[in-house]
**Student:** 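Supplied in structure tokens, the structure appears directly below.
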Amino acid sequence: MDDQTRMLAGLAGLGGLSQGDVGDQDSVRKQLGQPQQDIGDILQQIMAITDESLDEAQARKHALNCHRMKPALFSVLCEIKEKTVLSIRGVQDEDPPDPQIMRLDNMLLAEGVSGPEKGGGSAAAAAAAAAAAGGSPGSDGGIEHSDYRAKLAQIRQIYHSELEKYEQACSEFTNHVMNLLREQSRTRPISPKEIERMVAIIHRKFSSIQMQLKQSTCEAVMILRSRFLDARRKRRNFNKQATEVLNEYFYSHLSNPYPSEEAKEELAKKCAITVSQVSNWFGNKRIRYKKNIGKFQEEANLYAVKTAVDAASVSAQASQANSPATPNSGTHIFGSIKITSN
DNA sequence: AAAAATGATTCTTG
DNA sequence: CAAGAATCATTTTT
């Protein structure tokens, strides 16, 4: 009962001390003549250790270890620690996997930057290139592709070497701290849990650095992607014959230059381009024609003549076969066009 | 080197 | 969702 009341008073209700601990401390108290004085001295010496030379410190440390007070102080520290451990326990919550980090990791994995070495990378690059290229050219795709892959490999290599560097530094530092703690555990009590916590803290710090690395790597990959997979950056003009076919269709359907899906497919096949390229072309053509009809007059005449000649060759007619300067005689411009003057 | 042309993308609209 | 419009980034022309 005596023990219990003392414990309540001394530990402010924190509990957690075993009877053994209390007994230990009790005996310590009896042993000491003037506890305050001696403990103060020892603490002073401990604090002064950092100011001393290594040999000196070593010697002093040894002396302290052999000090008759050492076990007593040790047990006092044990007691204090019992108290603090409790307060620490409340603060320590396991970190939930940060969704941001997960996202970065996933992206890097998908991009083939992290994960298995060469295999993943080239697979991802190939998939990306395939998705971008569609399936038409085949000739110049290879060069861009390999270029992209090379850049990606470069990024991957930098990423991995940096990551390794961090990992190494982390484990080195962890080792160092562990050694320090082990050394210190001779003079003060250190539970495995404490060490564990220390290591966790270190790892968290380093992983935050790693996140920065991941972030910047992601950024680099995104830039690379937009640089190489954005088709408009490596635009090739259609060949002469293709534009000829397209223009022919456009000017011969000038009153309604909206090819149906089937017509688009047909044109795409004839021009060796994709259907969406045909759509793009007509979209651009319509808007640009309408924007400045005058500029396209010559072209319009040219193709009008062309089709007229074709028609004439079929039905050898010469109703009004002369001056090609007749601007699109029967072609009313599609829909209702508001010509923006500029 | 500047200007024009051109294929592609993005955003708004109906 | 497709067409229009504005814009981008490159290629071609001047």
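Keep in mind that this is a model prediction, so the values were computed, not measured. Chain letters run A, B, ... following the sequence lines, proteins first, then strands; residues in each count from 1.
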**Student:** Measuring from A:Leu246:CG to A:Ile273:CD1, what's the distance to the nearest 0.5 Å?
**Tutor:** 5.0 Å

**Student:** Mind checking what makes side chain to side chain contact (heavy atoms under 4.5 Å, CB included) contact with A:His203, not counting sequence neighbours?
**Tutor:** A:Cys170, A:Thr174, A:Val199

**Student:** Quick one: list whatever passes ring-ring contact (aromatic ring centres under 6.0 Å, His included) with A:Phe296, sequence neighbours left out.
**Tutor:** A:Tyr289

**Student:** Show every salt bridge (charged side-chain N to carboxylate O under 4.0 Å, His left out) that has at least one partner inside residues 208-217 of chain A, sequence neighbours left out.
**Tutor:** A:Asp105-A:Lys214

**Student:** A:Tyr166: what forms a side chain to side chain contact (heavy atoms under 4.5 Å, CB included) with it, not counting sequence neighbours?
**Tutor:** A:Glu162, A:Ile209, A:Gln210, A:Leu213

**Student:** Please work out the stems of DNA chain C from pairs that are Watson-Crick or G-U wobble with both distances under 3.5 Å, keeping only runs of three or more consecutive pairs.
**Tutor:** B:1-14 with C:1-14

**Student:** If you only use heavy atoms from C-beta on, which nucleotide in C:dG4, B:dT9, B:dG7 is closest to the side chain of A:Ile287?
**Tutor:** C:dG4

**Student:** Go through the structure and list residues passing side chain to side chain donor-acceptor pair (under 3.5 Å) with A:Asn175, not counting sequence neighbours.
**Tutor:** none

**Student:** Among the candidates B:dT9, C:dT12, C:dA5, find the nucleotide nearest to the side-chain atoms of A:Asn284.
**Tutor:** B:dT9

**Student:** Applying salt bridge (charged side-chain N to carboxylate O under 4.0 Å, His left out), which residue pairs with at least one partner in residues 258-271 of chain A are found, sequence neighbours left out?
**Tutor:** none

**Student:** Between P on C:dA5 and CZ on A:Arg286, what's the gap in Å once rounded to a whole number?
**Tutor:** 10 Å

**Student:** Could you grab the distance from atom NZ of A:Lys165 to atom CD of A:Glu172, nearest 0.5 Å is fine?
**Tutor:** 12.5 Å

**Student:** For A:Asn280 and B:dT10, give me the distance from atom CG to atom P, rounded to whole Å.
**Tutor:** 11 Å

**Student:** Output every pair passing ring pair (Phe, Tyr, Trp, His ring centres under 6.0 Å) with a member in residues 263-288 of chain A, not counting sequence neighbours, ordered by first then second residue.
**Tutor:** A:Tyr249-A:Phe282

**Student:** Is A:Gln277 near enough to B:dG7 that one of its side-chain N or O atoms lies under 4.0 angstrom from OP1 or OP2?
**Tutor:** no

**Student:** What is the distance from OH of A:Tyr289 to C1' of B:dG7, rounded to the nearest Å?
**Tutor:** 21 Å

**Student:** Dump the pairs, protein N or O against N or O of nucleotides 2-6 of chain B, anything under 3.5 Å, distances to one decimal.
**Tutor:**
unit_1	atom_1	unit_2	atom_2	d
B:dT6	O2	A:Arg235	NE	3.1
B:dT6	O2	A:Arg235	NH1	3.4
B:dT6	O2	A:Arg235	NH2	2.8

**Student:** Does A:Arg236 place a side-chain N or O at less than 4.0 Å from the phosphate oxygens OP1/OP2 of B:dG7?
**Tutor:** no

**Student:** A:Lys291 NZ to C:dA3 C1': how many Å, rounded?
**Tutor:** 15 Å

